[in-house]
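Note that this is a predicted model, so its numbers are computed, not measured.
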Amino acid sequence: MSENKKTNIFRLIDKIEGDKVIWIIVLMLILISIVAISSSTPLLALMNKSTRGAIINEQVMISALGLGVILFFYAFIKKIGVLRFISKMCFLLSFLMLAALAIRLNTPIIRAVRINGAVRALSVMGFQLHVFEFTKVMMIMYLAWAVQAFNENKLKLADRMVGWGMNFMKKPGWRLFMYVFFPMGVVCLLTLMGGVSSTLFVALVMSITILIGGVKFKYILGLVACGVAMVFLCIGVYKISGGKVFERIGTAIERISMAKEDPEAELIRLIETGQRGTKEYEEVYGRMKQPISAKVAVSEGGIIGKGPGGSTQRYVVPIMFEDYMFSFIVEEYGIIGALIVILLYGSLLARGTILVRNSTNCFTKTAIAGLVVMISGQALMHMFINVDLGPLTGQTLPMISHGKASFLAFSVAFGIILAVSRMVKKQMDKEVEQATPLISSSGDHVQDGLNDLDQFDSMEPDIQEQEQEEKEA
């Protein structure tokens with residue numbers, strides 16, 4: 001009976017299409033998320049006047065919903081044409097969502113919501129939608145479509161503009177600007193109103209995406225130059241407006257200046273001079289409490305960690321379950337737990353590279369590369385910040401940190417990756433079937449080769465020497 005059950009399980013696994021390694025990675029990340037959040041959220045339960053049991057149940061439900069989103073995209077997207085059509089609309093959707101944040105939209109159904117001092121989310125009938133997380137996914141898909149359309153010169157609007165007398169649209173540079181660079185600039189400008197770090201990360205991911213898609217490096221350099229000019233322009237607008245426009249630039253400047261300072265030395269000085277409990281002491285302590293506690297969590301983790309529920313820094317860092325999730329994992333599960341998490345994201349990057357290399361379609365190649373870089377890149381940035389190798393950016397650990405909207409956004413990304421991996425695998429199998437066999441099924445070529453070899457071996461020595469002399473001559 002047990003052998004039959006095992007056989008049925010293996011048969012079920014064999015029926016799963018797409019990249020099975022990526023399936024395993026997704027399921028492992030979801031399981032780690034449930035375990036980590038169940039242990040890292042005592043302060044969240046107190047703040048929400050709830051219980052950890054309720055938070056665990058909520059995370060299980062979100063995980064089930066995220067898995068459902070993955071399965072939906074995996075099952076729904078069976079043809080590349082469907083995905084390309086959806087991707088074509090993604091810039092428009094991103095623009096509408098970001099514009100709603102910019103104008104502080106406030107309607108009975110949809111309204112902009114301020115989170116951590118910035119308007120970053122839309123409340124849609126009570127559900128908070130973190131716009132920046134979805135924008136990253138949607139812009140990668142749009143750019144994958146735009147780059148393929150540019151490479152294949154299938155830009156209908158640009159052709160119409162030429163017909164209207166705008167002959168400059170015949171030039172590749174203008175077409176690339178219209179379909180690629182202009183949408184990237186608009187998205188970055190609108191994202192900058194809610195977060196500098198999010199803007200920089202989105203810009204970096206989009207640039208890597210179009211570079212992988214085949215956009216020439218000289219155009220990328222021009223894009224970088226325009227980006228630098230835009231940054232200085234936005235800083236100037238921020239200064240002129242007195243900090244009212246692009247207000248998050250002030251927060252970024254403050255964090256950079258804090259990174260240059262030594263708050264620990266300042267805190268020691270205040271203690272030694274008897275200023276403990278003063279306003280200045282509380283300000284310095286408030287700035288350093290979270291990053292220092294995160295480093296303490298990492299240093300106390302050791303090799304095997306303190307074990308589930310053994311974290312002490314979760315009572316100190318209010319957002320341990322979000323921005324400092326990797327530190328928490330190291331504290332409770334040690335270096336072993338950290339290596340497992342790193343291995344999962346590293347394996348995702350490796351499998352994505354294999355899929356990109358085997359993909360013959362520019363659109364799928366660009367889409368997979370962009371999504372994989374986004375997920376693994378954000379995970380790497382989160383880890384660097386947690387070990388104090390950079391200023392706090394608010395980037396969560398993908399599919400592990402607490403957050404409904406971000407979890408669903410990454411679920412969409414994984415659903416697309418798995419759907420595309422299935423298409424790539426089918427294409428590879430088709431090419432293998434159509435390939436000409438090295439040895440014919442009848443065996444005639446093999447037999448002919450053996451007969452020639454026997455004939456050569458049976459030659460008289462003098463004949464062989466004569467043929468050798470003719471060859472040398």
Side-chain angles (χ1 to χ4, degrees), residues 8-34 59-90 93 129 133-145 148 209 344-345 347-376 378-379 398-400 404-430:
N8 293 333
I9 291 174
F10 285 123
R11 286 178 179 176
L12 179 63
I13 294 174
D14 289 337
K15 290 182 180 180
I16 297 176
E17 297 178 337
D19 196 301
K20 294 181 176 61
V21 174
I22 297 181
W23 272 113
I24 294 173
I25 292 171
V26 172
L27 296 176
M28 287 291 293
L29 291 175
I30 292 176
L31 292 175
I32 292 173
S33 175
I34 295 173
Q59 185 63 28
V60 171
M61 293 178 62
I62 291 296
S63 300
L65 180 60
L67 188 58
V69 170
I70 293 173
L71 291 172
F72 171 79
F73 277 88
Y74 174 76
F76 176 73
I77 302 175
K78 296 183 178 180
K79 295 183 179 180
I80 296 177
V82 175
L83 189 58
R84 290 184 73 252
F85 177 78
I86 297 174
S87 302
K88 188 178 180 180
M89 305 290 109
C90 282
L93 293 174
L129 196 69
E133 299 292 348
F134 285 92
T135 297
K136 288 184 286 191
V137 178
M138 290 190 293
M139 284 306 298
I140 288 172
M141 298 309 300
Y142 167 77
L143 291 173
W145 169 83
Q148 185 186 37
T209 299
L344 289 174
Y345 291 114
S347 299
L348 174 64
L349 185 61
R351 299 303 296 183
T353 303
I354 293 174
L355 291 174
V356 169
R357 188 169 63 246
N358 289 291
S359 178
T360 57
N361 184 282
C362 177
F363 171 73
T364 57
K365 181 184 299 185
T366 308
I368 291 178
L371 293 174
V372 169
V373 167
M374 178 198 71
I375 296 171
S376 56
Q378 181 165 327
M399 297 296 287
I400 294 181
K404 301 175 185 177
S406 61
F407 192 93
L408 295 179
F410 286 115
S411 296
V412 172
F414 271 108
I416 294 173
I417 292 172
L418 288 168
V420 174
S421 72
R422 178 182 57 194
M423 300 177 199
V424 172
K425 186 176 183 300
K426 286 184 177 180
Q427 180 65 29
M428 291 170 59
D429 293 341
K430 185 178 179 181

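Applying the salt bridge (Lys or Arg N to Asp or Glu O under 4.0 Å) test to R84 and every residue at least two apart in sequence or in another chain returns nothing. For S87, there are no side-chain hydrogen bond (donor to acceptor under 3.5 Å, both in side chains) partners two or more places apart in sequence or in a different chain.
With hydrogens and angles disregarded, a donor-acceptor distance shorter than 3.5 Å links the side chain of S63 to the backbone of Q59. For the pair Y345 (side chain) and P398 (backbone), a donor-acceptor distance under 3.5 Å is present.
Using a 4.5 Å heavy-atom threshold, the side chains of F134 and L408 count as touching. The shortest side-chain heavy-atom distance between M138 and M89 does not fall under the 4.5 Å cut-off.
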Run the side-chain contact (heavy atoms from CB on, under 4.5 Å) check on V420 and L355 step by step: do they pass?
CA-CA 9 Å; V420 174; L355 291 174; over 6 Å; no
For side-chain contact (heavy atoms from CB on, under 4.5 Å), just list the numbers for I30 and F407, CA-CA rounded to whole Å, side-chain angles, deciding distance to a tenth of an Å, and then say yes or no.
CA-CA 9 Å; I30 292 176; F407 192 93; 3.9 Å; yes
The test is side-chain contact (heavy atoms from CB on, under 4.5 Å); show your working for F410 and L29 and say whether it passes.
CA-CA 11 Å; F410 286 115; L29 291 175; over 6 Å; no
I86 and F73: side-chain contact (heavy atoms from CB on, under 4.5 Å), yes or no, with the steps?
CA-CA 12 Å; I86 297 174; F73 277 88; 5.7 Å; no
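Note that the OG1 atom of T353 and the CZ atom of R351 stand 10.0 Å from one another [nearest 0.5 Å]. Remark: W23 CH2 to I417 CD1 distance equals 12.0 Å, nearest 0.5 Å. Here the OH-OG distance, from Y74 to S421, works out to 7.0 Å after rounding to the nearest 0.5 Å. Between the CG atom of L27 and the CE atom of M399 there is a distance of 9.0 Å, given to the nearest 0.5 Å. For the atom pair CG (L418) and CD1 (I22), the distance works out to 6.0 Å, reported to the nearest 0.5 Å. Put simply, CG on L65 and CD1 on I70 are 10.0 Å apart, with the number rounded to the nearest 0.5 Å.
When every heavy atom of S33 is checked against every heavy atom of I400, the shortest pair comes out as OG-O, 3.1 Å.
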Do any side-chain atoms of residues 363-376 form donor-acceptor pairs under 3.5 angstrom with protein atoms, and if so which ones, sequence neighbours left out?
residue: T364; atom: OG1; partner: S359; partner atom: OG; Å: 2.5
residue: T364; atom: OG1; partner: N361; partner atom: O; Å: 3.1
residue: T366; atom: OG1; partner: C362; partner atom: O; Å: 2.7
residue: S376; atom: OG; partner: V372; partner atom: O; Å: 2.7

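The aromatic rings of W145 and Y142 sit tilted relative to each other, their planes meeting at an angle between 30° and 60°.
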